[in-house]
Amino acid sequence: MSEEVADIPPFRYTAALAGEIEVRWQDFWAAHGTFDAPNPTGDLADPGHPRAGAPKLHVQDMFPYPSGAGLHVGHPLGYIGTDSYTRYKRMAGYNVLHPMGFDAFGLPAEQYAVQTGTHPRITTEANVERYRAQLRRLGLGYDSRRWVATTDTEYYRWTQWIFLQIFNSWYDTAQRKARPIAELVAAFEAGERATPDGRPWSELSPVERRRVVDDHRLAYVSEAPVNWCPGLGTVLANEEVTPDGRSERGNYPVFQRSLKQWMMRITAYGDRLVDDLDTLDWPEPVKLMQRNWIGRSTGAHIEFPTSSAPIRVFTTRPDTVFGATYMVLAPEHELVDQLVPGEWPAGTREAWTGGHATPAEAVAAYRASIAGETEAERTAESRKKTGVFIGAYATNPVNEEPIPVFIADYVLAGYGTGAIMAVPGQDERDWEFAEVFELPIIRTVRPPADFEGKAYTGEGPAINSAFLDGLGIADAKARIIEWLETHEVGSGAVTYRLRDWLFSRQRYWGEPFPIVYDETGLPIALPDEMLPVELPEVDNFSPRTFDPDDAASNPETPLSRAKEWVEVELDLGDGPRRYTRETNTMPQWAGSCWYELRYLDPRNDKALVDPEIERYWLGPQFPGDCGGVDLYIGGMEHAVLHLLYARFWHKVLFDLGHISSFEPFRRLFNQGYIQAYAYRDARGVVVPAEEVEERDGKYFYEGVEVVREYGKMGKSLKNVVTPDEMCEAYGADTFRVYEMAMGPLDVSRPWETRAVIGSQRFLQRVWRLVVDEETGATRVVDEPATPETRRVLHKVIDGVRGDMDDLRFNTAIAKLIELTNAVTPLPSAPREVVEPLVLMLSPFAPHIAEELWQKLGHSGSLAYVDFPVADPALLVAESVTYPVQVNGKVRGRVEVAATAEEASVREAALAAVGDHLAGRDPRKVIVVPGRMVSIVV
């Protein structure tokens with residue numbers, strides 16, 4: 001600031017004064033539990049609370065991971081938004097629950113522990129305390145009794161309990177819901193459900209029965225293709241692998257391996273996860289991302305006979321089956337080795353063999369050539385098509401034509417059946433492959449006469465398809481499915497792109513599984529009374545890592561080295577026996593799948609959540625309502641990770657009767673990002689932004705010119721600005737107002753520290769309306785405002801309420817600035833205007849508002865003072881100004897009473913533009929009420 005300290009009036013609102021006021025009010029709020037929301041029952045109920053019995057509102061932020069770096073100014077954008085909204089809603093009469101917590105398990109703390117030897121819990125708890133201090137310094141009004149961290153033992157006890165609910169459940173496709181596994185066992189025992197091989201349940205051995213049951217569980221162990229990352233020493237979920245086949249964390253290569261892992265049967269919920277999107281008030285792009293990720297497809301399974309077992313494919317276009325001229329199996333498909341003959345069949349083309357003497361050699365060589373390829377590389381659209389004939393043929397069931405079978409990298413074992421019928425006439429990828437390998441191309445849909453492309457994927461009548469010829473696509477699909485089912489060579493089906501959720505991590509810093517294994521190697525759930533299973537103390541926190549390119553390496557977990565913990569004697573109902581604990585841990589996503597529930601009843605040690613409390617905060621409000629958190633704010637990057645997983649867990653708990661809502665988050669809002677300038681030198685290396693100097697429109701670092709760019713604020717671009725710096729330099733309220741005024745909450749916006757001064761000056765103008773900067777005396781008078789000022793006030797009140805309800809915080813602040821500017825020139829500020837202004841300002845700048853409220857003669861906090869309401873009578877305009885057009889050009893304006901009749905408006909308009917009419921009679925005079933008058937001469 002340019003002012004010398006000696007020139008600053010003693011009672012000016014400065015950063016120093018703001019800091020003193022803010023800390024004092026933060027202490028007051030903490031001491032009085034100002035933002036604690038009363039539950040309807042239990043230990044957090046408070047019948048004397050100002051909002052007890054009021055309509056409820058549950059607003060929640062996506063909670064942060066507490067990293068050692070702390071917050072930068074981009075992190076609290078959404079937090080300040082929800083805080084402003086919830087402060088407004090409390091004043092508007094709602095019982096508002098606004099909690100916060102920490103997603104505190106995960107890889108960064110573990111990696112830090114590996115580097116330093118510091119236990120992850122020590123690091124994590126220190127980071128949590130730092131975050132809490134930073135959030136408090138911003139004046140964020142969270143319920144002080146409901147803080148949680150996923151690493152708290154009493155928290156992950158219930159994470160483990162939920163896992164056991166999932167483990168002890170199966171999905172009943174007839175009822176379309178999860179049911180307790182005991183009901184499945186009862187159905188087998190009663191003969192109501194057939195065993196896989198048809199034997200009576202009583203004839204199965206105990207181990208056979210356990211295996212049958214385990215095959216139905218929603219949480220199960222499976223030998224499955226996984227993403228193995230040797231550089232991290234762990235497997236990763238599909239969503240944790242980048243499009244170029246590397247780990248999100250560390251950027252290491254990721255390889256496809258088959259390993260025994262815990263899985264969640266999220267695919268069972270595919271239909272409900274898609275269909276229930278229609279019940280949610282979510283941004284359409286997020287819904288679309290979930291629909292695409294789930295990838296529900298309707299079509300048919302078709303079986304193509306071979307010399308061994310039939311090849312089963314799924315296709316969304318069964319109507320094109322007459323155009324299937326070859327088949328492609330994933331190189332890993334189990335039938336490949338069964339089908340490969342000893343020598344090439346007669347007539348095999350040279351292009352099909354890859355130059356190898358036998359089919360077995362060709363298959364082996366091709367498998368070796370693609371062993372290091374990632375899934376993303378194999379399926380890239382621009383990739384050249386490669387493959388090899390395996391020396392075998394299948395039979396097209398609709399016309400009994402033999403068609404060659406290839407393996408190719410673009411078909412994946414983990415997607416669908418791992419096999420496709422290739423119809424090059426109707427599929428661009430198949431056409432490219434057919435061209436490379438000189439395979440027949442038969443069109444099965446007639447393209448338009450002017451079509452000049454290769455594969456045709458549009459609408460048209462069926463051709464070259466026997467009894468389907470002439471039918472449109474929809475009718476042809478229905479007819480061919482009927483034919484396939486009649487001839488028992490296929491059936492209609494629905495499939496999903498979504499795959500079961502890989503739920504194991506070879507890490508230390510995660511939730512232990514509440515599972516042990518007996519001598520059979522099959523999993524056994526621990527009883528509830530043995531929860532929580534706590535992490536043991538270990539000397540080495542790191543999983544064994546390998547050369548990043550060592551695809552043949554195998555996981556070795558940190559917990560497996562804690563022998564006394566792993567090998568344990570327990571009495572699980574049949575006497576003390578030796579068991580082995582699960583040595584994988586749950587992924588970081590586990591704790592964030594259900595935290596909205598723990599916020600409701602955080603001290604409950606008897607149940608996940610009291611049913612009455614859950615119904616109050618999350619229950620459906622009307623028939624068909626999904627229930628859930630009323631407003632959930634966070635980043636778009638969680639659209640198909642956290643949000644999908646949380647929906648799945650919530651639905652299982654709903655099916656089992658533990659909760660009343662079938663969706664966790666009724667309304668979702670995605671905030672934008674704070675972007676900031678970053679600078680790169682001639683090598684393209686990022687340099688520290690705070691050390692860059694601007695001279696004559698150019699930018700220099702250590703005297704050398706650098707290039708400026710925009711990027712998301714973060715450590716990688718060395719452009720971090722912290723909220724601590726802003727609070728020190730300007731005060732938290734100024735920082736809050738600036739972030740909310742920068743633009744719409746859902747739009748990314750550039751950070752410019754120099755622009756923060758504008759928000760500080762606005763608050764200084766509000767301060768001066770109440771406080772004399774020289775004497776500290778209160779300047780407000782009790783004389784009534786002028787009618788004009790009163791109308792401005794009520795117009796602003798009406799506009800601000802609408803903006804706040806719709807999360808338009810930037811336009812709400814603009815209206816408050818407008819009102820402040822209208823009052824500033826007055827000789828003295830009327831109380832009837834200033835008090836509403838202070839109340840409306842308080843959601844954005846709560847500390848200065850509290851201080852001014854006290855200086856206006858009030859006691860206590862304004863947190864529950866009623867938000868101003870506009871007088872409808874003062875929203876009606878007294879007069880309206882009409883622009884008057886003559887032959888399409890504005891030639892004048894006329895002001896008339898708002899209640900003026902059309903004839904009066906017409907008469908005034910004609911008089912106002914008499915000079916332009918020059919005595920001519922108008923052909924038309926059109927009055928658009930309240931907007932304009934158009935005259936045609």
Side-chain angles (χ1 to χ4, degrees), residues 34-35 37 50-51 54-59 78 80-98 139 141 281 621 630-631 633 666-667 669 671 733 736-737 739-747 759 762-763 766 769 785 787-823 829-846 848-850 852-853 856 858 861-878:
T34 301
F35 309 111
R51 292 293 182 264
K56 66 89 184 180
L57 182 74
H58 181 181
V59 177
I80 296 171
T82 54
D83 190 63
S84 300
Y85 181 70
T86 53
R87 286 175 179 273
Y88 159 69
K89 284 294 188 180
R90 282 189 200 93
M91 298 171 74
Y94 286 83
N95 180 22
V96 177
L97 173 58
H98 188 207
D281 182 7
Q621 304 297 298
D630 297 297
L631 176 63
I633 290 188
R666 175 188 282 108
R667 183 186 180 194
F669 187 95
Q671 91 273 8
D733 280 339
R736 289 170 59 108
V737 169
E739 287 226 334
M740 293 299 95
M742 290 169 73
L745 187 62
D746 59 345
V747 174
S759 296
F762 162 54
L763 294 182
V766 176
L769 292 178
E788 180 182 352
T789 303
R790 191 175 291 125
R791 286 186 179 279
V792 172
L793 168 65
H794 285 267
K795 176 185 174 185
V796 168
I797 291 172
D798 183 62
V800 167
R801 289 188 75 106
D803 288 342
M804 296 300 287
D805 285 331
D806 292 335
L807 307 178
R808 297 191 301 264
F809 303 132
N810 59 316
T811 56
I813 291 172
K815 291 177 175 67
L816 297 178
I817 293 172
E818 173 192 347
L819 178 59
T820 302
N821 292 343
V823 180
R831 180 179 295 274
E832 72 168 288
V833 177
V834 172
E835 289 199 349
L837 172 60
V838 169
L839 293 173
M840 289 188 289
L841 177 66
S842 66
F844 305 112
I848 188 176
E850 293 272 27
L852 293 176
W853 191 247
L856 289 165
H858 303 281
S861 171
L862 55 65
Y864 293 94
V865 174
D866 290 343
F867 201 84
V869 178
D871 182 347
L874 295 175
L875 300 178
V876 179
E878 291 185 325

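Position 1 is the first residue of the sequence, and the numbers go up from there. Everything numeric in this text was worked out from a predicted model, so none of it was measured.
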Exercise. List the atom of Lys89, the atom of Leu57, and the distance in Å for their closest heavy-atom pair.
Key: CG-CD2, 3.5 Å
Quiz prompt | Closest heavy-atom pair and its distance - Leu793, Met840 | solution = CD1-CE, 4.3 Å
Practice problem: Test side chain to side chain contact (heavy atoms under 4.5 Å, CB included) on Phe867 and Ile797 and set out the steps. | Solution: CA-CA 9 Å; Phe867 201 84; Ile797 291 172; 5.6 Å; no
If you define the side chain from C-beta out and look only at heavy atoms, does anything of [X] sit under 4.5 Å from [Y]?
X      : Y      : value
Leu769 : Val823 : yes
Met742 : Asn810 : no
Phe809 : Met804 : yes
Trp853 : His858 : yes
Leu763 : Leu841 : yes
Thr82  : Phe669 : no

Quiz item: Any donor and acceptor pair, going by atom type alone, linking the side chain of Asp281 with main-chain N or O of Arg666 inside 3.5 Å?
Solution: no
Practice problem: Spell out, as yes or no, whether a donor-acceptor pair under 3.5 Å connects the side chain of Arg90 to the backbone of Arg51. | Solution: no
Quiz item: Are Arg87 and Ser842 close enough, and set up right, to give a side chain to side chain contact (heavy atoms under 4.5 Å, CB included), and what steps lead you there?
Solution: CA-CA 8 Å; Arg87 286 175 179 273; Ser842 66; 5.9 Å; no
Practice problem: Please report the C-alpha distance between Met740 and Ile80 in whole Å, then the side-chain angles of each, then the deciding distance to 0.1 Å, and finally whether the side chain to side chain contact (heavy atoms under 4.5 Å, CB included) criterion is met. | Solution: CA-CA 8 Å; Met740 293 299 95; Ile80 296 171; 3.8 Å; yes
Quiz prompt | Identified side chain to side chain donor-acceptor pair (under 3.5 Å) counterpart of Asp630 within the set His58, Lys56, Gln621, Arg667 | solution = Lys56
Self-check item: Reference residue Tyr88; test side chain to side chain donor-acceptor pair (under 3.5 Å); the match among Asp803, Asp805, Asp83
Solution: Asp805
Quiz item: Above 12 or not: heavy atoms from other molecules or residues under 6.0 Å from OH of Tyr94?
Solution: no
Practice problem: Please test Val838 against Leu862 for side chain to side chain contact (heavy atoms under 4.5 Å, CB included), starting from the C-alpha separation and ending with a verdict. | Solution: CA-CA 10 Å; Val838 169; Leu862 55 65; 4.3 Å; yes
Quiz item: When you check the side-chain N and O atoms of Glu850 and Ser861, is any donor under 3.5 Å from an acceptor?
Solution: yes
